[in-house]
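What follows is one structure encoded as structure tokens, with my remarks underneath.
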Protein chains: 2
Amino acid sequence: MSAPKAKSDALSKERLRLWLRMLRVTRQVEAALREKLRLEFDSTLPRFDVMAALYRDREGLKMNELSKRLRVSNGNVTGIVDRLAEDGLVERIAIEGDRRATLVRLTSAGCDAFTVMAEAHEGWVDELLDGVDAEDAHHIGELLHRLPADTGARP
Amino acid sequence: MSAPKAKSDALSKERLRLWLRMLRVTRQVEAALREKLRLEFDSTLPRFDVMAALYRDREGLKMNELSKRLRVSNGNVTGIVDRLAEDGLVERIAIEGDRRATLVRLTSAGCDAFTVMAEAHEGWVDELLDGVDAEDAHHIGELLHRLPADTGARP
DNA sequence: AAGAAATACTTCAAGCTTAAAATTTCAAGC
DNA sequence: GCTTGAAATTTTAAGCTTGAAGTATTTCTT
């Protein structure tokens, strides 16, 4: 009961190393983006994520769909949408025939604000991933895509 | 003023796609690890990270060094260490000659608890990164290492 | 049509996170 | 010795996040 796995242990260690590096890089980039959003737009990453989802589905999403899209808890979205609504970037719209649900939609102010932020965001990511050429990007993407964690289920 | 970057725009988009995928994978793995830690050890990822840092420097770290090691704000570490100390997994030790600083160290209970969690953690990561062989792991690691965000400064 | 189960949300408690302000202590300069 | 500034931590306010509990409302069953 002391040498159960000989060969796979090295692989396991290698994977652990990879995971720690992925985590470090991701956190670093996330921190940089968060700071940028805060300083330049007085906003946050979660707000940006919600707005991005709503920008993609311009006609609006139910809270339900929104939290599924973002893979985040229901209660979480409630708070973020609350604050976005306070700022007039988003609006809640009653749904005909189902008084339980509400549709959330970008206001036109929210839409304008998002397009500006999105462009800046793309630029920041571009800078932060400097040194990764198209081929690398594609390659890493492919490798990541193989992970069980990347079930991109996007209904 | 409408076509400032022609070639680099495609690259920028490719990098954005890569970033979004990295983010998705990382969050997914993180969520899985968080849930495992909660269910099996009634603990959290931040607690695990702190304990891992303290396990590595068995003689202890100053709050200062701890937050630098984890790349996390000072105030943040305060709270996590508070809770770990309440549970007897960690202890604060006065430093001779500098009453401002305190050394934080794993208790022997904390050390024992960590070794158990760490082994489980490695196993979980191994499962979550299933499909990545040693070569892939090494390769992705290399590519990530090139990023500016991976300045692994580890003093 | 009444009751039960499923849906869509919100609220709540606890913990994580940051930036900024406040505390306490140490180190230098005068 | 005093003062000024730097250093180590903690506190605070605000927001993010989760899982679980609570509220309506709708839909299914019988």
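The chains referred to below are lettered A, B, ... by the order of the sequence lines, with proteins before strands, and numbering in each begins at 1. In this text, all values refer to a predicted model and were calculated from it rather than measured experimentally.
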### Task
Could you check which residues of residues 34-44 of chain A get a heavy atom under 4.0 Å from DNA chain C? Sort them by number, please.
A:Arg34, A:Arg38
### Task
Go through the steps for A:Leu33 and B:Trp19 under the test side-chain contact (heavy atoms from CB on, under 4.5 Å), then give the verdict.
CA-CA 11 Å; A:Leu33 292 176; B:Trp19 165 241; 3.5 Å; yes
### Query
Out of curiosity, does B:Val29 fall in the hydrophobic cluster containing B:Phe48 (side-chain heavy atoms, cut-off under 4.5 Å, transitive links)?
yes
### Query
Is it true that the NZ or CZ of B:Arg38 lies under 6.0 Å from the centre of B:Phe41's six-membered ring and within 45 degrees of the ring axis?
no
### Donor-acceptor contact below 3.5 Å, side chain A:Arg15 vs main chain B:Asp126
yes
### Query
Residues sharing B:Leu39's hydrophobic cluster, by side-chain heavy-atom contacts under 4.5 Å among ILVMFWY, directly or via others?
none
### Task
For B:Leu66 and B:Ala53, work out which heavy atoms get closest and say how close.
CD1-CB, 3.8 Å
### Message
According to side chain to side chain contact (heavy atoms under 4.5 Å, CB included), who are the partners of A:Ser73, at least two apart in sequence or on a separate chain?
### Response
A:Asn76
### Message
What verdict does the side-chain contact (heavy atoms from CB on, under 4.5 Å) test give for B:His121 and A:Leu16, after you've listed the backbone C-alpha separation in whole Å, the side-chain angles of each residue and the deciding distance to 0.1 Å?
### Response
CA-CA 9 Å; B:His121 177 264; A:Leu16 184 56; 3.8 Å; yes
#### Entry: Close residues, residues 91-98 of chain B, relative to DNA chain D [heavy-atom separation under 4.0 Å]
B:Arg92
### Rounded distance (Å) that lies between atom P of D:dT25 and atom CZ of A:Arg99
6 Å
### Query
Looking at A:Gly88 and A:Ala109, what are the two nearest heavy atoms and their distance?
O-CB, 4.1 Å
#### Entry: Any A:Tyr55 side-chain heavy atom under 4.5 Å of A:Thr115 side chain
yes
### Closest heavy-atom pair and its distance - B:Leu106, B:Cys111
CD1-CA, 3.9 Å
### Task
Take the C1' atoms of the five end pairs on each side of the helix from C:dA1-D:dT30 to C:dC30-D:dG1, derive the two axes, and give their angle rounded to 10 degrees.
10°
I'd like a table of atom pairs between the protein and nucleotides 22-24 of chain D - only N or O on both sides, under 3.5 Å - with the distance next to each one.
none

### Message
For B:Met51 and B:Met117: C-alpha separation, side-chain torsions, deciding distance, then whether side-chain contact (heavy atoms from CB on, under 4.5 Å) applies.
### Response
CA-CA 10 Å; B:Met51 291 178 81; B:Met117 286 196 287; 3.7 Å; yes
### Query
For the residue pair A:His139 and B:His139, does the interplanar ring angle fall in the parallel (under 30°), tilted (30 to 60°) or perpendicular (over 60°) class?
perpendicular
### Task
Starting from the C-alpha separation in whole Å, work towards a yes-or-no answer on side-chain contact (heavy atoms from CB on, under 4.5 Å) for B:Leu23 and A:Thr26.
CA-CA 7 Å; B:Leu23 197 54; A:Thr26 305; 3.8 Å; yes
### Shared hydrophobic cluster for A:Leu45 and A:Val77 (ILVMFWY, side-chain gaps under 4.5 Å)
yes
### Message
For A:Glu59, I'd like to know if atom CD has over 12 heavy atoms of other residues, nucleotides or ligands within 6.0 Å.
### Response
yes
#### Entry: Close residues, residues 74-83 of chain A, relative to DNA chain C [heavy-atom separation under 4.0 Å]
A:Asn74, A:Gly75, A:Thr78
### Task
Might you point out which heavy atoms bring B:Asp49 and B:Leu70 nearest each other, and give the distance in Å?
O-CD2, 3.7 Å
### Query
What are the two closest heavy atoms between A:Ala134 and B:Leu11, and how far apart are they?
N-CD1, 3.3 Å
List, with names and distances, any nitrogen or oxygen atoms from the protein found under 3.5 Å away from nitrogen or oxygen atoms belonging to nucleotides 1-4 of chain D.
none

### Query
For B:Asp136, which residues count as a side chain to side chain contact (heavy atoms under 4.5 Å, CB included) partner, sequence neighbours excluded?
A:Leu143, A:Arg146, B:Val132, B:Asp133
### Message
At a heavy-atom distance below 4.0 Å, which nucleotide of DNA chain C is the first touched by chain B, and which is the last?
### Response
C:dG15 to C:dC26
Residues 91-101 of chain A, side-chain donor-acceptor partners within the protein, below 3.5 Å, at least two apart:
| from | atom 1 | to | atom 2 | distance (Å) |
| --- | --- | --- | --- | --- |
| A:Glu91 | OE2 | A:Arg105 | NH2 | 3.3 |
| A:Arg92 | NH2 | A:Asp82 | OD1 | 2.1 |
| A:Asp98 | OD1 | A:Arg100 | N | 3.0 |
| A:Asp98 | OD1 | A:Arg100 | NE | 3.0 |
| A:Asp98 | OD2 | A:Arg100 | NH2 | 3.1 |

### Task
Indicate yes or no: does B:Arg17 engage B:Glu14 in a salt bridge with an N to O separation below 4.0 Å.
yes
#### Entry: Proximity to DNA chain D (any heavy atom under 4.0 Å), residues of residues 59-66 of chain B only
B:Lys62, B:Met63, B:Asn64
### Task
Grab the two heavy atoms, one from B:Leu89 and one from B:Ala113, that are nearest each other, plus how far apart they are.
CD2-CB, 4.2 Å
